[in-house]
Amino acid sequence: MTLQEDKYRSHIYGEGEKNTKWRYGAPPNYDAVNKLFEEGRTKIWPVGSLEEKVQNLVKTWEMEMFNKLDFNDYKTVDPINYRFSLNGRKLVNLEEKRRVLGRGYNAFMQTAMPHKFRGFDPDQETIESAHLAFITTFKRGFALEILQVYSGPPVIVYKFRHWGFMEGPFKDNAPTGEIVEFFGMAVFELDENEKIIKVEFFFDRGELLGKLITNGGETSSSNCPFLKNTT
């Protein structure tokens, strides 16, 4: 690995990124979360395996969605035909996703719960305040691993695990130092050029927030994200 390279993510460095517009003015550094990932993962996929390729694709896609400002700088997706959906909701394009759902954590924290019951309300958060809330809590990052791949391209279906340690406060909730994790499934559809054109995520946000909100706030509504569309 060269000085400017990430083990698990492409399209951060190199000639193809010399004009990329980065959210914070420079390419992101994943050294801390890569260390967390390597220390806490439950699967080590063989080099070149379908599982490793899917894991690296998802990590790269996530990196681009969080950190690249210009849709035209995305290398993993077709910005024109790309569509996104959370928990069976309406598919939205990149412009709608940014305008209606927001970016980063807000897009994944959408909920139909009444506002008074929301432990984390994406409607009241900006891109930056949502990002700050989670990076303050997960000081070493929020790691991702692929647990199983059920089908390969062009339609990739996989099970994932996200985890981190609550080493900082989350809103008004004191840090516990304990591991916080949640599980879910996703479907990625690729076109003939291996660009992502559709992403569907299925998970229960309460499984995550129930472990962060220690003062009696939001809890998990269902053990199966396919059965509930209220989170």
Side-chain angles (χ1 to χ4, degrees), residues 6-10 28 30-66 76 84-88 104-111 119-120 130-131 133-135 137-153 155-168 170 175-188 196 199-214 218-229 231:
D6 188 280
K7 295 180 185 178
Y8 310 108
R9 299 166 185 84
S10 304
Y30 285 90
D31 288 350
V33 75
N34 285 348
K35 185 173 186 291
L36 177 68
F37 165 72
E38 290 168 357
E39 292 173 347
R41 60 185 167 180
T42 62
K43 306 282 188 179
I44 300 180
W45 299 115
V47 175
S49 65
L50 174 61
E51 290 84 359
E52 187 213 35
K53 291 178 181 178
V54 170
Q55 187 163 260
N56 290 352
L57 172 64
V58 176
K59 287 177 183 285
T60 301
W61 167 84
E62 190 175 69
M63 177 277 298
E64 292 196 309
M65 291 289 149
F66 271 69
T76 57
F84 172 88
S85 173
L86 176 66
N87 289 337
Y105 288 102
N106 275 345
F108 289 92
M109 291 289 104
Q110 297 300 308
T111 178
F120 178 91
H131 182 70
F134 283 94
I135 65 170
T137 299
F138 300 120
K139 295 182 178 297
R140 288 181 284 165
F142 201 37
L144 164 76
E145 71 169 332
I146 301 303
L147 297 177
Q148 190 168 348
V149 177
Y150 300 98
S151 68
V155 179
I156 302 169
V157 181
Y158 66 90
K159 181 181 180 180
F160 66 87
R161 169 182 173 243
H162 254 302
W163 78 97
F165 289 87
M166 191 182 180
E167 296 168 325
F170 183 76
T176 65
E178 297 180 353
I179 189 170
V180 175
E181 61 183 351
F182 75 94
F183 302 83
M185 296 187 70
V187 181
F188 277 35
I196 302 167
V199 168
E200 297 179 272
F201 272 90
F202 301 91
F203 65 89
D204 184 347
R205 76 175 221 152
E207 187 179 6
L208 166 64
L209 293 177
K211 299 170 184 176
L212 292 175
I213 301 170
T214 56
E218 187 171 330
T219 59
S220 177
S221 62
S222 170
N223 291 324
C224 178
F226 296 101
L227 298 180
K228 295 285 188 177
N229 192 29
T231 60

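Nearest heavy-atom pair, Met63 versus Ser10, reported as atom, atom and distance to 0.1 Å: CE-O, 3.2 Å. The two residues Val199 and Ile196 have their closest heavy-atom pair at CG2-CG2, 3.5 Å. Closest approach of Phe160 and Met185 over heavy atoms only: CE2-N, 3.4 Å. Phe108 and Leu86 get closest at one heavy-atom pair: O-CD2, 3.8 Å. Between Trp163 and Gly40, the closest heavy-atom pair is CZ2-C, 3.5 Å. In terms of heavy atoms, Leu50 sits closest to Pro153 at CD1-CD, 3.9 Å.
Inter-residue side-chain proximity for Ile156 and Lys53 is flagged as unmet; no heavy-atom pair is nearer than 4.5 Å. A 4.5 Å side-chain heavy-atom check between Phe203 and Leu208 finds every atom pair outside the cut-off. Side-chain contact between Lys7 and Phe37 is absent, with no heavy-atom pair separated by less than 4.5 Å.
Atoms CZ and CD1, on Phe170 and Ile213 in that order, are 6.0 Å from each other to the nearest 0.5 Å. Note that CD1 of Ile179 and CZ of Phe165 are 4.5 Å apart. Values are rounded to the nearest 0.5 Å. Within the model, atoms OG of Ser85 and CZ of Phe202 stand 6.0 Å from one another, a figure rounded to the nearest 0.5 Å. Rounded to the nearest 0.5 angstrom, Leu212 CG and Phe138 CZ are separated by 4.5 Å. Rounded to the nearest 0.5 Å, atoms CG (Leu57) and CD (Glu52) are 12.0 Å apart. Within the model, atoms CD1 of Ile146 and CZ of Arg41 stand 13.0 Å from one another, a figure rounded to the nearest 0.5 Å.
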Assess the residue pair Arg140 and Glu167 against the criterion (side chain to side chain contact (heavy atoms under 4.5 Å, CB included)); give the C-alpha distance rounded to whole Å, side-chain angles, the decisive distance to 0.1 Å, and a yes or no. CA-CA 8 Å; Arg140 288 181 284 165; Glu167 296 168 325; 2.7 Å; yes

Passes side chain to side chain contact (heavy atoms under 4.5 Å, CB included), Thr76 versus Arg9? Steps please. CA-CA 11 Å; Thr76 57; Arg9 299 166 185 84; over 6 Å; no

Applying salt bridge (charged side-chain N to carboxylate O under 4.0 Å, His left out) to Arg161 and Glu181, what does each step give before you reach the verdict? CA-CA 7 Å; Arg161 169 182 173 243; Glu181 61 183 351; 2.7 Å; yes

With side chain to side chain contact (heavy atoms under 4.5 Å, CB included) as the test, would you mind laying out the steps for Asn87 and Arg205 before giving the verdict? CA-CA 10 Å; Asn87 289 337; Arg205 76 175 221 152; over 6 Å; no

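Figure legend: cation-pi geometry between Lys59 and Tyr30 absent, as NZ or CZ is not positioned both under 6.0 Å from the six-membered ring centre and within 45° of its axis.
If you look at Trp61 and Phe201, their ring centroids are closer than 6.0 Å.
Applying the side-chain hydrogen bond (donor to acceptor under 3.5 Å, both in side chains) test to Gln148 and every residue at least two apart in sequence or in another chain returns nothing.
Under the 30°/60° scheme for interplanar angles, the aromatic rings of His162 and Phe142 are found to lie parallel.
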